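Here is the structure we will look at, set down as structure tokens.
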Amino acid sequence: MTKELPNIAVLGATGVVGREILNILQENNVQYKSIKFLASARSAGSTIEFKGEKHTVIEATPDVFEDINICLASAGGETSKKFAPIAASKGCVFIDNSSAFRMDKDVPLVIAGVNDEDLRLHKGIIANPNCSTSQLMLPLKALDSKYKVKRMVVSTYQAVSGAGLKAINELTDCTKTNLVGMPYEPSAFKYEIAFNVIPQIDSFCENGYTKEEMKVTNETRKILHFSDDIKISCTAVRVPVYIGHSESVSVEFENPINASEARELLKVTEGVEVIDDIDNFVYPTPKDAAGKNPVYVGRIRNSIAFDNGLEFFCVADNLRIGAALNTVRIAEKVISMELY
Ligand code: A2P
């Protein structure tokens, strides 16, 4: 390592994902020269505790990016649209959690450990994929390398924390209200989320899929460099779980596949942990994944619907691999590959 350590910043440091980014920066002992904590004018001047010390939150303004080399951003799409181009023009590498730039051809969309070489193509902005796409990439890349994906159908069961603090509070309030027999007026969701599931995440597109569902299709293709011939479809559902997205995944491959061989492959895939012993009722659940880094895979079985098909259930902490962890891992790659 010859380059001077970077000055870094966390934009959205007061948010749900921003706080998780701070936890992981500390856990992973990421090395930097200086760190800034950025948010909106609303929380500027407040303090944040990091590594046992109190730090003042600074309002994000164009000038702040002057001497920042790497910004880890999770402050919503509009904030990213406003600041990412400014930051990039000042020589800062802006790692963005929002969907604002993900499909931009000049912006690498990266899962660390899956398509790191794409980072070399960055022009100042790097995008972190959507949470549902993210957790699927580690197992899918391993399976694709050996068996070649032909077609995939995914159903998601997504935790409320993916929709921010307001949604987390709404699950609590709605549950308490329902338990005393009262109806609840939802605002973060279209319907009551307690004791319910909601088959809509984000708005609907013309083809009847939601934007969230199309993210899985389009982002998977971009990350794994799949052609349009590979067909991918998703149904995304919100469930009353605080942390941890689950996915039921059916994949058809070009090459013959059998479940026990696939299980062995996934057992040695970095970032993936296989929890799969149905004789003892062992499979992953979101409670196992909350607060942890691996993508857990279980219920691995040969598909009875597809030739050369595999079915599995995949669970991960949506705030970690689906957001903060991958953002920090990208920053670590940018530092080790000296791309700042
Ligand atoms: P603030 O706390 O000042 O509102 P969440 O997704 O949990 O709601 O968090 C969103 C994060 O993005 C918060 O840290 C929030 O800061 C930050 N944020 C929202 N709007 C802006 C903005 N215009 N400029 C900078 N940060 C913003």
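Computed from a predicted structure; not experimentally measured. Note that ligands are numbered from 1 as they come in the structure, with each ligand's atoms numbered from 1 the same way.
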Got a list of side-chain donor-acceptor pairs under 3.5 Å for residues 63-71, not counting sequence neighbours?
{"from": "Glu66", "atom 1": "OE1", "to": "Lys90", "atom 2": "NZ", "distance (Å)": "3.1"}
{"from": "Asp67", "atom 1": "OD1", "to": "Lys36", "atom 2": "NZ", "distance (Å)": "3.1"}
{"from": "Asn69", "atom 1": "OD1", "to": "Asn7", "atom 2": "N", "distance (Å)": "2.7"}

Could you list the atoms of ligand 1 found under 4.0 angstrom from a heavy atom of [X]?
X	answer
Ser43	1 (P), 2 (O), 3 (O)
Gly15	7 (O), 9 (O), 13 (C), 14 (O)
Arg42	3 (O), 4 (O), 19 (C), 20 (N)
Thr14	1 (P), 2 (O), 13 (C), 14 (O), 15 (C), 16 (O)
Gly12	11 (C), 12 (O), 14 (O), 17 (C)

Distance-only donor-acceptor hits, side chain of residues 187-196, under 3.5 Å, sequence neighbours excluded:
{"from": "Ser187", "atom 1": "OG", "to": "Glu170", "atom 2": "OE1", "distance (Å)": "3.3"}
{"from": "Glu192", "atom 1": "OE2", "to": "Asn178", "atom 2": "ND2", "distance (Å)": "3.0"}
{"from": "Glu192", "atom 1": "OE2", "to": "Tyr184", "atom 2": "N", "distance (Å)": "2.8"}
{"from": "Asn196", "atom 1": "ND2", "to": "Glu192", "atom 2": "O", "distance (Å)": "2.8"}

Q: Check each of Ser40, Ala13, Gly164 against atom 27 (C) of ligand 1 and report the one with the nearest heavy atom.
A: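 Nearest option to atom 27 (C) of ligand 1, by heavy atoms: Ser40.
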
Q | Per atom 23 (N) of ligand 1, closest listed option by heavy atom (Thr79, Asn97, Val17, Ile168) | A |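 Looking at heavy atoms only, Thr79 sits closest to atom 23 (N) of ligand 1.
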
Q: Determine, counting only non-hydrogen atoms of the protein, whether one lies under 4.0 angstrom from atom 8 (O) of ligand 1.
A: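 Within 4.0 Å: no protein heavy atom nearby.
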
Q. Any chance OH of Tyr209 has more than 12 other-residue heavy atoms, nucleotides or ligands included, within less than 6.0 Å?
A.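 Counting other residues, nucleotides and ligands, OH of Tyr209 stays at 12 neighbours or fewer.
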
Q: Specify the protein heavy atom at minimum distance from atom 18 (N) of ligand 1: its residue, its atom name, and the distance to 0.1 Å.
A: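 Looking only at protein heavy atoms, the one closest to atom 18 (N) of ligand 1 is Ala75 CB, 3.9 Å.
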
Q) When only distance counts, is Phe83 in polar contact with ligand 1, meaning an N/O pair under 3.5 Å? A)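 It does not: no N or O of Phe83 is found under 3.5 Å from an N or O of ligand 1.
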
Q) Do Leu339 and Val110 share a hydrophobic cluster, counting only Ile, Leu, Val, Met, Phe, Trp and Tyr and linking them when any side-chain heavy atoms are less than 4.5 Å apart? A)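 Shared cluster, yes.
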
(Q) Quick check: is Val17 connected to Ile125 through a chain of hydrophobic side chains (ILVMFWY, heavy atoms under 4.5 Å apart)? (A)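 Ile125 does not cluster with Val17.
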
Basic-acidic side-chain contact under 4.0 Å: [X], [Y]:
X	Y	answer
Glu264	Lys267	yes
Lys215	Glu212	yes
Glu254	Lys150	no

Q. Mind checking whether Ala39 has a heavy atom under 4.0 Å from ligand 1?
A.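 In this structure, Ala39 qualifies as a contact of ligand 1 - some heavy atom is under 4.0 Å.
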
